[in-house]
Protein chains: 2
Amino acid sequence: MDDSEFEPLLRSVDLRVTRPRLAVLRAVRRHPHADTGSVLAAVRAEEPSVSHQAVYDVLGALTESGLVRRIQPAGSVARYELRVGDNHHHVVCRSCGTVADVDCAVGHRPCLDASDSQGFVIDEAEVTYWGTCPACSTART
Amino acid sequence: MDDSEFEPLLRSVDLRVTRPRLAVLRAVRRHPHADTGSVLAAVRAEEPSVSHQAVYDVLGALTESGLVRRIQPAGSVARYELRVGDNHHHVVCRSCGTVADVDCAVGHRPCLDASDSQGFVIDEAEVTYWGTCPACSTART
DNA sequence: GCGAAAGACTTGACTGATTCAAGAAAGCCC
DNA sequence: GGGCTTTCTTGAATCAGTCAAGTCTTTCGC
């Protein structure tokens, strides 16, 4: 409900402050790992006239500027979360697709030094853990 | 061209040996990291009458049985490679989407022990490196 | 080898996330 | 407040992937 932090955030990356953008940021903060559809629904709860295209545009702009982080586990649509400074990773449930945050076991950037990078200039190492969430583990028993 | 190895492979996982399946396996071996469309094209080069649905079905079956591995970096369609025993990872070019193999820096399963797994039962840790491939690095200069 | 049962393939339609394009509206600097 | 630029709305299109129904193959017992 407190947008005071989002406004300067947007300005800091040279993005104009608009109602749709603030609404998207709020939605992403309240629903971590939400997909575009969920963000759209959350945004419309407070700003009914926002178009789905606007949400795509905004999420794209925020991702490009680094304010939000886009993740897309195999078999899933794109999901978004507020970019926080830490380099955390994600666990994805193979059964229901739920995503949860996981701090990296290694204190610092994990495995960032590939032994043989094939000449690629690597700038990020993304780790995705796959498994079964508590709910699905129980259900399967 | 030597299918002698694929036939027992299919039987070992209780899959019937069919022309489409052998063709898909050959295609995946010859084109590592190929997407479904490329696999379809390669398959049709030798088996013109194979339907696109068959390729989806076959890739699904092979993935499920563990003979091939499906990877899907964010923003990319699904890509496939022959499952080899090693636990290698991938570098993806942010610019052109090219995928290359990378041996893991850590000798064994990297980061598989998440510090806090949120109650998830984790069975795999997937690492994706993001960066710029040699060709795109050069082009951008 | 032969025939039945199960599994796999073909055909054709459909879904749903994401993107493209053109014009209207709003934010920002002076 | 005026005007330029960016952003948003509207509406259509694309494209990977999926669904469904019916036909053909592979397998396996005899």
Side-chain angles (χ1 to χ4, degrees), chain A residues 3 6-27 33-44 46-65 67-68 70-80 97 99, chain B residues 3 6-27 33-44 46-65 67-68 70-80 97 99:
Chain A
D3 290 355
F6 290 143
E7 193 170 324
L9 207 56
L10 285 168
R11 295 193 196 285
S12 71
V13 294
D14 284 311
L15 286 177
R16 290 182 178 173
V17 179
T18 67
R19 298 178 67 76
R21 283 177 178 168
L22 292 173
V24 166
L25 283 168
R26 277 194 296 270
H33 312 134
D35 59 29
T36 309
S38 303
V39 171
L40 177 59
V43 165
R44 284 190 170 156
E46 18 183 89
E47 301 280 348
S49 66
V50 173
S51 67
H52 86 129
Q53 184 64 71
V55 171
Y56 274 99
D57 286 350
V58 169
L59 287 172
L62 295 179
T63 300
E64 197 171 354
S65 64
L67 297 189
V68 305
R70 168 191 277 137
I71 62 173
Q72 189 173 10
S76 167
V77 296
R79 293 166 176 277
Y80 299 85
V99 176
Chain B
D3 292 353
F6 290 143
E7 194 170 323
L9 207 56
L10 285 169
R11 296 193 194 284
S12 73
V13 293
D14 284 312
L15 286 179
R16 291 183 177 175
V17 178
T18 66
R19 297 178 68 75
R21 285 178 177 168
L22 291 173
V24 166
L25 283 168
R26 279 195 294 271
H33 311 135
D35 59 28
T36 308
S38 303
V39 171
L40 177 58
V43 164
R44 283 189 170 155
E46 17 182 89
E47 302 278 349
S49 66
V50 173
S51 67
H52 89 129
Q53 184 62 239
V55 171
Y56 275 100
D57 286 350
V58 170
L59 286 172
L62 295 179
T63 300
E64 198 170 354
S65 65
L67 297 188
V68 306
R70 167 192 279 136
I71 62 173
Q72 188 172 12
S76 166
V77 295
R79 293 165 176 277
Y80 299 86
V99 176

No-H, no-angle donor-acceptor pair, R16(B) side chain to dA6(C) base, under 3.5 Å: yes
Approximate separation, where rounding is to 0.5 Å, of R79(B) CZ and L59(B) CG: 13.0 Å
5' to 3' contact window, DNA chain D with chain B (heavy-atom distance under 4.0 Å): dA16(D) to dT27(D)
Sugar-phosphate, base or nothing in reach of A78(A), heavy atoms under 4.0 Å: sugar-phosphate
Minimum heavy-atom distance Q72(A)-G75(B), with the two atoms named: OE1-N, 2.8 Å
Nucleotide dA8(C), atom C1' - distance to CG of L25(B) in whole Å: 15 Å
DNA chain C contacts among residues 50-59 of chain B, heavy-atom distance under 4.0 Å: V50(B), S51(B), Q53(B), A54(B), V58(B)
Least distance between heavy atoms, S51(B) atom then R44(B) atom: CA-NH2, 3.7 Å
Straight-line distance of E47(A) CD to R21(A) CZ, nearest 0.5 Å: 14.0 Å
Closest heavy-atom pair and its distance - V50(A), A54(A): CG1-CB, 3.9 Å
Any S49(B) side-chain N or O less than 4.0 Å from OP1/OP2 of dC9(C): no
Gap between atom CD1 of I71(A) and atom NE2 of H33(A) - 0.5 Å precision: 5.0 Å
Residue pair L40(B), Y56(B): steps toward the side chain to side chain contact (heavy atoms under 4.5 Å, CB included) verdict: CA-CA 9 Å; L40(B) 177 58; Y56(B) 275 100; over 6 Å; no
Non-hydrogen atoms of L15(A) and S65(A) that approach each other most closely: CD1-OG, 3.8 Å
Sugar-phosphate only, base, or nothing, as touched by R19(A) at under 4.0 Å among non-hydrogen atoms: nothing
